[in-house]
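The shown structure was predicted, so the numbers you read here are calculated from the model rather than taken from an experiment. Computation of the quantities below employed the complete heavy-atom set of this structure, encompassing side-chain atoms and omitting hydrogens, waters and symmetry-equivalent molecules. In the text below, chain A, chain B and the rest are named by the order of the sequence lines, each starting its count at 1.
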Amino acid sequence: MNYNWNWGIFFEPSPEGVGTYADMLLSGLGWTLATALCSWIIAFSLGSLIGVMRTMPSPVAQAVGTSYVELFRNIPLLVQMFLWFYVLPEMVPEVIGTWLKQLPNASFYTAVICLGFFTASRVAEQVRAGIQSLPRGQRAAAIALGLNTWQTYRYVLLPIAYRVILPPMTSEFLNNLKNTSVALTIGLLELTARARSMQEFSSQVFESFTAATIIYLLISLTVVMLAGALERRVAVPGSR
Amino acid sequence: MIAIDGVGKWYGPVQVLKGCTTQVSKGEVVVVCGPSGSGKSTLIKTVNALEPFQEGAISVDGIALKDKRTDLPKLRARVGMVFQHFELFPHLSITDNLTLAQCKVLKRPREEARTRGLKLLERVGLSAHAQKFPGQLSGGQQQRVAIARALSMDPIVMLFDEPTSALDPEMVGEVLDVMVQLAREGMTMMCVTHEMGFARKVANRVIFMDRGEIVEDAQKEEFFGQPRSPRAQQFLSKILAH
């Protein structure tokens, strides 16, 4: 293989005119983190709501929850990204469509919403599984004390369920983080997109993607460590 | 206090309660017994509307459960319930288990709820464990906390659903002691239990159920002396044999 290694490439000026290749990657990292965190906020809140609905006695709530989950988890993320970005603006009234297309950072907002809605379907299933793993008597005990449905979830079922599902929720968070890379297909200049353009401009394919790989790995491992710390912090004394 | 009138309940095509009619007066202790699957747990759970029923009527303290205007959470807050598997909230300390519903349902100030909770904890002999979590207590201790938790709501009646069935034999006594004391203080109680010693000691009436029906509803002396139905006789001879 005839390859010119050049690890110093990161400190060479990028073709953008300002900053180095390293700066370019770091700006990509910034968008990756922003997209991951914003979409997680949607995924966590909406997912919890949908998951709870699937465990409620009301058949209507269950049906709504189930429909949501089956719709959003059964369409490939890439297709969903395209639907939100290319198809939605054509389907709404023209004024809104044009406004959507001209929105600054449209790819960022789209990625946040798309990932948030997609990951919410997965979070919902974790939340549902968590709640259903609890002894049936817990709900009965809460209700028997006079707590209403909202209080039963807020003070009894969810605090226990979230503890149970913390490990798989960490995985969901990591998936969501890494899925942000799909947004490069709608033009979001996140980390993977930046690594690719660095490779195209500099032809240093190995250096570019080694850097991206290491950065993803480091963030993910940090998340894993934080999740571990959180798990220990919320552990209930006397439980296994 | 509790009036159960012709209650029928179905799970799909299976009828689990058939025309159950009985009542519990203020200050009365009624023990409900019968073979497993006889519907006794289901019946007691209909009293605070934890289980819906399709036929008949139940009223507690004159309030009809089926009435659309009845605020069920409010009514349940006045009916204490103790479960077979304790059902303390595992993520809350003993103190928080005792105060949660007082604060959220009765809107008692935190300090007042705490004082009330700790007083009841002392009453069931567990003051030393206030800061612990349910997982750190034995089954018997957890059940005593569960009784204290129900009492913290100042209930007008207490329901017990096989409170000692999930306990190791050596822990049954400590829970029954609390229940006996409660009965002697005049608490209105409806207890599903197989503890015939407890029934003999404090019950006023014994209800015997079989296959979803109330087969026998008699004064204690009458029930233990000479039950009228052969099924009750058979049941008694089996559980009193050892």
J.: Under a 3.5 Å cutoff, is there a donor and acceptor pairing between the side chains of A:Arg139 and A:Tyr153?
T.: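 Short answer, yes.
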J.: Check each atom of B:His85 against the heavy atoms of chain A and say whether the ones under 4.5 Å are side chain, backbone, both or neither.
T.: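 It is neither, since no heavy atom gets under 4.5 Å.
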J.: B:Leu43 pairs by side-chain contact (heavy atoms from CB on, under 4.5 Å) with which of B:Lys9, B:Glu51, B:Met209?
T.: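 Of the listed options, the one satisfying the test is B:Met209.
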J.: Looking at A:Ile143, A:Leu134, A:Leu145, which one has more heavy-atom pairs under 4.5 Å with chain B than the rest?
T.: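 With the most close heavy-atom pairs to chain B, the winner is A:Leu145.
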J.: Counting the benzene-type ring for Trp, do A:Tyr162 and A:Phe44 have ring centres under 6.0 Å apart?
T.: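 Aromatic pair counts; centres sit under 6.0 Å.
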J.: For chain A, which candidate among B:His91, B:Met81, B:Met153 shows the most heavy-atom pairs at distances under 4.5 Å?
T.: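 The candidate making the most pairs under 4.5 Å is B:His91.
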J.: Go through the atoms of B:Arg78 and report whether side chain, backbone, both or neither lie under 4.5 Å from a heavy atom of chain A.
T.: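 For B:Arg78, no heavy atom lies under 4.5 Å from chain A.
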J.: Examine whether an atom of B:Phe83 lies under 4.5 Å from a heavy atom of chain A, and if so say whether it belongs to the side chain, the backbone or both; otherwise answer neither.
T.: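 The side chain, not the backbone.
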J.: Under a 3.5 Å cutoff, is there a donor and acceptor pairing between the side chains of B:Thr22 and B:Arg205?
T.: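 Yes, B:Arg205 and B:Thr22 have a side-chain donor paired with an acceptor closer than 3.5 Å.
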J.: Quick check on A:Gln151 against chain B: is it the side chain, the backbone, both or neither that has a heavy atom closer than 4.5 Å?
T.: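 The side chain, not the backbone.
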J.: Give, as side chain, backbone, both or neither, the part of A:Ala235 having an atom under 4.5 angstrom from any heavy atom of chain B.
T.: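 For A:Ala235, no heavy atom lies under 4.5 Å from chain B.
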J.: Are A:Gln62 and A:Arg54 linked by a side-chain donor-acceptor pair shorter than 3.5 Å?
T.: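 Checked: A:Gln62/A:Arg54 side chains show no N/O donor-acceptor pair below 3.5 Å.
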J.: Could you look at B:Leu137 and say if it's the side chain, the backbone, both or neither that has a heavy atom under 4.5 Å from chain A?
T.: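 Neither part, no heavy atoms under 4.5 Å.
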J.: What verdict does the side chain to side chain donor-acceptor pair (under 3.5 Å) test give for A:Asn175 and A:Thr119, after you've listed the backbone C-alpha separation in whole Å, the side-chain angles of each residue and the deciding distance to 0.1 Å?
T.: CA-CA 8 Å; A:Asn175 279 340; A:Thr119 310; over 6 Å; no
